[in-house]
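Written out below as structure tokens is the structure these notes cover.
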Amino acid sequence: MSEEKQSLYSALFPYRPRFNDRSAAKGEKRGREPLEDFLTSALTDLLNRLTPREMKDAIEELFLDESSAAAWKRLCERQPETRLTWSAQQNLEGAGRCDIVLNDEKGPLLIIEAKIRAGYSESHSRSSSSEEDKGFRIKDRHQLVRYGQWLSEKCKTPEWRGALVLLTHFTEPPDDFISNEEEKYHVEFTSVCRWSRVFLWLKKLGQKNSKSNSQSVYFLANQLEKFLEEDNMNSETITIENLDAAKPFVIGEHAERIAASFSAIRGRLKPALKKLTEKRTIVDKTEERFSLPGSICDYCFFKSSGHLRDWCVEWGLCWPESPWAIDLRKHGHSIPGEVLWYIAVYDGGDNVDVQKNTKDLSQLERDLPNSWKIWKHDVDSGLFTVRGVSELLGDGNIDKVAEWMVREIQNIRPVVIELTRRRAAATKTRRAKTGVGKRQGKS
């Protein structure tokens with residue numbers, strides 16, 4: 001980071017999930033990540049600190065579209081003394097847990113589902129008889145539909161049949177969400193708000209001429225605005241400066257050489273990758289290079305027959321100022337202070353048990369080749385090895401890079417095979433306990 005002091009919220013939230021960022025870049029459905037829950041709680045706390053007038057204005061400005069905003073104004077005019085409160089991480093009986101709920105004295109008015117880039121969850125259980133006795137039964141597995149159905153049943157405020165809001169950064173709404181044709185989501189209003197919009201609202205709220213008489217509102221709005229900016233959630237626009245800076249890397253000689261180099265590396269790695277795990281199928285995503293802040297990457301993942309995805313192998317270039325490189329140094333890893341070639345092996349499964357994965361890695365740490373290290377954080381874990389570009393690209397020949405990567409993949413093979421065996425055993429034990437797969441005749 002720069003010399004500027006980090007925000008209060010950055011100090012309170014020191015960890016950044018890396019696995020989820022990369023799986024999203026590859027189009028995988030993501031699970032819940034800590035940043036989403038953290039931002040949900042921070043925003044809810046701030047909203048509850050607003051004056052009644054500011055709170056009503058914020059609802060209209062942030063979370064409602066033109067038609068729902070008009071209905072909201074009419075409701076506020078008819079009930080000017082209504083007391084509004086926000087609650088975070090509320091359990092909705094039979095419908096799951098939603099991120100934010102707005103309530104008045106009669107009950108819920110609005111539900112907000114907060115996303116960054118996570119996918120949508122689905123329910124796999126039927127309503128209990130007690131829920132049916134209450135006249136409430138979940139009819140759809142999609143979480144937004146479940147939330148809307150719950151809200152339509154519980155909203156008791158006259159002339160307002162509820163609003164369902166998706167607060168998101170990268171996750172797109174379902175195709176039918178905004179139109180809500182035939183009220184599939186059970187409420188009258190559905191809308192989408194972006195975190196970049198929240199950022200602009202916070203910027204205005206955090207100004208010293210804010211209407212709020214609370215210094216805490218000014219301070220927290222300012223700090224949350226800064227936190228969103230630190231996490232690159234303040235904008236989704238591309239400026240002329242961005243385009244000028246990116247030009248050398250997307251057209252011309254630079255882009256062609258990088259693309260050719262990654263294609264050559266992938267071709268040389270294929271034989272070693274195919275031997276990396278036993279009884280696993282390599283899923284080869286040709287020309288699937290992707291980029292993250294401070295890195296250019298390529299990858300493949302493995303899956304066993306009839307099972308979900310297992311281990312992911314990723315390789316590429318990482319700049320020393322990238323979030324991952326900074327995170328590694330923060331956790332005590334000594335890495336070169338130049339651009340790095342790297343290989344990472346991590347659990348690329350659809351249902352990642354970070355605690356179990358980290359425990360297995362710790363037990364096998366002494367079996368690692370000297371060049372491989374483990375990153376073990378609260379939200380993800382895996383294996384990695386790095387080399388500075390000056391060590392491998394002295395003469396500009398990509399063969400040295402490919403030879404190093406092949407050798408490192410061969411060296412790590414015994415550890416990956418053991419990790420895969422442990423994962424399979426844990427899956428088998430879990431299925432035996434829950435009885436999953438028995439009706440299909442699976443072992």
Side-chain angles (χ1 to χ4, degrees), residues 40-41 43-95 98-114 134-136 144-168 173 176-194 197-198 200-202 204-207 209-214 216-218 220-221:
T40 292
S41 297
L43 180 61
T44 304
D45 172 72
L46 182 59
L47 289 169
N48 274 323
R49 294 174 185 268
L50 299 177
T51 64
R53 181 70 263 170
E54 283 178 327
M55 190 180 295
K56 292 175 181 178
D57 290 344
I59 294 166
E60 178 183 344
E61 183 177 347
L62 283 177
F63 304 126
L64 304 178
D65 58 18
E66 187 175 348
S67 60
S68 55
W72 177 252
K73 280 184 177 179
R74 291 193 296 270
L75 181 66
C76 293
E77 289 171 358
R78 289 173 182 148
Q79 302 181 23
E81 303 301 321
T82 297
R83 181 174 178 270
L84 301 173
T85 57
W86 300 85
S87 60
Q89 309 300 333
Q90 181 171 326
N91 287 318
L92 314 179
E93 62 272 20
C98 71
D99 292 321
I100 304 176
V101 181
L102 172 68
N103 296 277
D104 66 4
E105 293 94 335
K106 298 184 181 71
L109 299 172
L110 178 147
I111 286 179
I112 300 174
E113 173 61 18
K134 297 175 186 176
F136 180 69
L144 292 178
V145 178
R146 299 197 314 269
Y147 298 165
Q149 185 181 350
W150 182 90
L151 182 58
S152 70
E153 295 281 340
K154 302 297 181 182
C155 184
K156 304 300 181 184
T157 299
E159 300 181 12
W160 178 265
R161 292 176 48 218
L164 186 61
V165 181
L166 174 64
L167 173 57
T168 181
D176 57 0
F177 181 71
I178 297 178
S179 62
N180 194 19
E181 295 178 4
E182 300 180 359
E183 295 189 8
K184 172 183 174 180
Y185 295 89
H186 302 276
V187 293
E188 186 173 7
F189 303 115
T190 54
S191 61
V192 176
C193 175
R194 301 282 176 175
R197 188 174 174 183
V198 174
L200 295 175
W201 174 76
L202 290 168
K204 183 169 67 174
L205 184 66
Q207 295 173 352
N209 61 352
S210 169
K211 299 176 185 177
S212 174
N213 56 11
S214 170
S216 64
V217 170
Y218 159 71
L220 292 175

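Values reported hereafter were calculated over all heavy atoms of this structure, with side chains retained and with hydrogens, waters and symmetry mates removed.
In this structure, CD on Q79 lies 4.5 Å from NZ on K106, to the nearest 0.5 angstrom. In this structure, CG on L43 lies 10.0 Å from CG on N48, to the nearest 0.5 angstrom. Rounding to the nearest 0.5 angstrom, the gap separating the CG atom in L75 from the CD1 atom in I59 is 9.5 Å. In this structure, the separation between CG on L166 and OH on Y147 is 11.0 Å, given to the nearest 0.5 Å. Note that CG of L92 and SG of C98 are 4.0 Å apart. Values are rounded to the nearest 0.5 Å.
Minimum heavy-atom separation, T44 to A88: OG1-CB, 3.6 Å. Between I112 and D99, the closest heavy-atom pair is O-CB, 3.4 Å. For the residue pair H186 and R161, the shortest heavy atom distance occurs at O-NH2, 4.2 Å. Closest approach of P108 and L151 over heavy atoms only: CB-CD1, 3.7 Å. The nearest pair of heavy atoms linking G162 to C155 is N-SG, 4.0 Å. Looking at every heavy atom in both residues, T40 comes nearest to Q89 through CG2-NE2, 3.5 Å.
Between W160 and F189, the two ring planes are tilted [angle within 30° to 60°].
Residues passing the side-chain contact (heavy atoms from CB on, under 4.5 Å) test with S87 are Q90, V101, N103, sequence neighbours excluded. The side-chain contact (heavy atoms from CB on, under 4.5 Å) test applied to D176 returns P174, S179, K184, Y185, not counting sequence neighbours.
Between the side chain of S191 and the backbone N or O of D65, no donor-acceptor pair lies under 3.5 Å. Remark: the backbone N or O of L84 is not paired with any side-chain donor or acceptor of K56 at under 3.5 angstrom.
The pair R146-E113 does not count as a salt bridge, with every side-chain nitrogen at least 4.0 angstrom from each carboxylate oxygen.
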> Do D45 and R49 pass the side-chain contact (heavy atoms from CB on, under 4.5 Å) test, and can you show the C-alpha distance, the side-chain angles, and the key distance before you say yes or no?
Replying inline: CA-CA 7 Å; D45 172 72; R49 294 174 185 268; 3.0 Å; yes

>> Go through it in stages, so that I can follow the logic: the residues are L102 and L47, the test is side-chain contact (heavy atoms from CB on, under 4.5 Å), and I'd like the CA-CA distance, side-chain angles, deciding distance and then a yes or no.
In response: CA-CA 10 Å; L102 172 68; L47 289 169; over 6 Å; no

>> Checking K154 against E93 for the side-chain contact (heavy atoms from CB on, under 4.5 Å) test, could you report, in this order, the C-alpha distance in whole Å, the side-chain angles of both residues, the deciding distance, and whether it holds?
In response: CA-CA 11 Å; K154 302 297 181 182; E93 62 272 20; 3.0 Å; yes

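Exactly one of E61, E66, E60 qualifies for a salt bridge (charged side-chain N to carboxylate O under 4.0 Å, His left out) with K73. That residue is E60. Each of T82, T157, T85 was scored for a side-chain hydrogen bond (donor to acceptor under 3.5 Å, both in side chains) with D104, with one residue passing: T157. Partner of L144 under the side chain to side chain contact (heavy atoms under 4.5 Å, CB included) criterion, out of V165, I111, L164: L164 alone.
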